[in-house]
There are 2 protein chains.
Amino acid sequence: MKTIAIGELSRQASVKVPTIRFYEERGLLPRASRTEGNRRTYGAADVRRLRFIRHARELGFEIEDIRALLDLAEQPERPCGEVDAIARRHLADIDDRIARLTGLRAEIRSMLDQCSQGRIRECRIVEVLADHGECLHEEH
Amino acid sequence: MKTIAIGELSRQASVKVPTIRFYEERGLLPRASRTEGNRRTYGAADVRRLRFIRHARELGFEIEDIRALLDLAEQPERPCGEVDAIARRHLADIDDRIARLTGLRAEIRSMLDQCSQGRIRECRIVEVLADHGECLHEEH
DNA sequence: GCTTGCTCCTCTAGTCGCTAGAGGAATTAG
DNA sequence: CTAATTCCTCTAGCGACTAGAGGAGCAAGC
């Protein structure tokens with residue numbers, strides 16, 4: 001069984017060394033076995049698992065979700081409804097965030113469009129910030 | 001001069017009490033004067049300033065930007081170019097975030113669309129997460 | 001005057017997902 | 001054998017709060 005050190009795992013999975021230790025501490029990676037000199041050793045399964053984690057993080061899944069996805073991935077006979085549900089929740093979350101940001105975008109654009117590059121005294125941006133009533137959004 | 005307590009300021013500006021203290025500590029609000037019993041007292045100007053801060057936060061400006069905007073708002077004769085620049089930077093930031101989220105959204109949607117509700121063994125979601133090569137995005 | 005209950009005070013720690021740095025030990029290359 | 005590199009643990013920091021402990025001040029009702 002060939003084993004690799006944490007730096008090599010870091011390179012193979014494109015995850016920084018301290019992040020790997022952080023994932024171990026958070027229980028996403030099993031506690032690594034150690035050499036005599038107390039250094040962590042890893043194998044091919046760890047590379048796969050860490051790549052899975054990294055990819056899920058890139059897609060914006062949070063650590064709790066990833067923990068659940070990893071657990072599920074280890075039970076290949078179970079129906080994938082739970083996996084689906086996690087992804088669906090995440091999609092809904094992303095949609096929410098896009099919607100909120102799109103609203104903000106419209107506000108900021110509108111402020112900028114109204115600003116006529118004069119003095120701060122008559123700057124619409126400052127006025128809108130100062131007086132909520134002047135503003136487009138109503139969500140409070 | 002009528003003064004109000006922190007709880008009343010909290011209600012009038014819709015900002016929670018600990019958050020007001022936090023803003024004071026971060027220098028967005030001046031250090032409040034105190035009663036004999038060491039309680040903070042506020043006036044109308046504080047209500048206006050805090051509402052400005054809250055509104056800017058709702059629009060997603062970060063505290064450093066708000067600090068700058070508050071400074072600028074106090075110099076009404078200056079040209080509003082700097083105000084504009086801050087808002088413009090913020091707009092660009094929001095656009096970035098929307099773009100990234102839109103990319104993620106497409107990924108997640110595509111995974112979900114490919115999942116045929118079978119077992120985890122053949123779940124496309126798990127497969128895509130496990131193998132980066134299967135994935136749409138290329139940004140790494 | 002006294003108690004009850006609310007508001008306020010300070011201080012610390014927790015959230016999320018890392019990242020950075022200190023200070024030291026182990027390994028590897030030359 | 002030494003120098004460079006990699007690794008170890010531990011602590012603290014980011015942003016913008018939020019939550020809670022433990023205690024003091026204050027207004028209203030009896």
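Atom set for the values below is all heavy atoms of this structure, side chains included, hydrogens, waters and symmetry mates excluded. If you're wondering where the values come from, they're calculated on a predicted model, not measured in any experiment. Chain letters run A, B, ... following the sequence lines, proteins first and then strands; every chain starts at 1.
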Side-chain donor or acceptor of A:R54 paired with backbone N/O of A:A13 under 3.5 Å:
yes

Which of these nucleotides, [options], is closest to any side-chain atom of [X]?
| X | options | result |
| --- | --- | --- |
| A:E62 | D:dC8, C:dT27, C:dG17 | C:dG17 |
| B:R39 | D:dT6, D:dA24, D:dA16 | D:dA24 |
| A:I63 | D:dC17, D:dC8, C:dC18 | C:dC18 |
| A:R40 | D:dC26, D:dC8, C:dC9 | D:dC8 |

Residues from residues 12-21 of chain A lying under 4.0 Å of DNA chain D - heavy atoms
A:R21

Salt bridge (Lys or Arg N to Asp or Glu O under 4.0 Å) between A:D96 and A:R100, intermediate numbers included:
CA-CA 6 Å; A:D96 274 6; A:R100 254 183 308 122; over 6 Å; no

Phosphate OP1/OP2 of [N]: any [X] side-chain N/O under 4.0 Å:
| X | N | result |
| --- | --- | --- |
| B:R34 | C:dT10 | yes |
| A:R26 | C:dG17 | no |
| A:Y23 | C:dG17 | no |

Are B:R31 and B:E24 packed together at the side-chain level, in the sense that at least one heavy-atom pair is separated by less than 4.5 angstrom?
yes

Whether A:D65 and A:R89 form a salt bridge (side-chain N of Lys/Arg under 4.0 Å from carboxylate O of Asp/Glu) is what I want to check.
yes

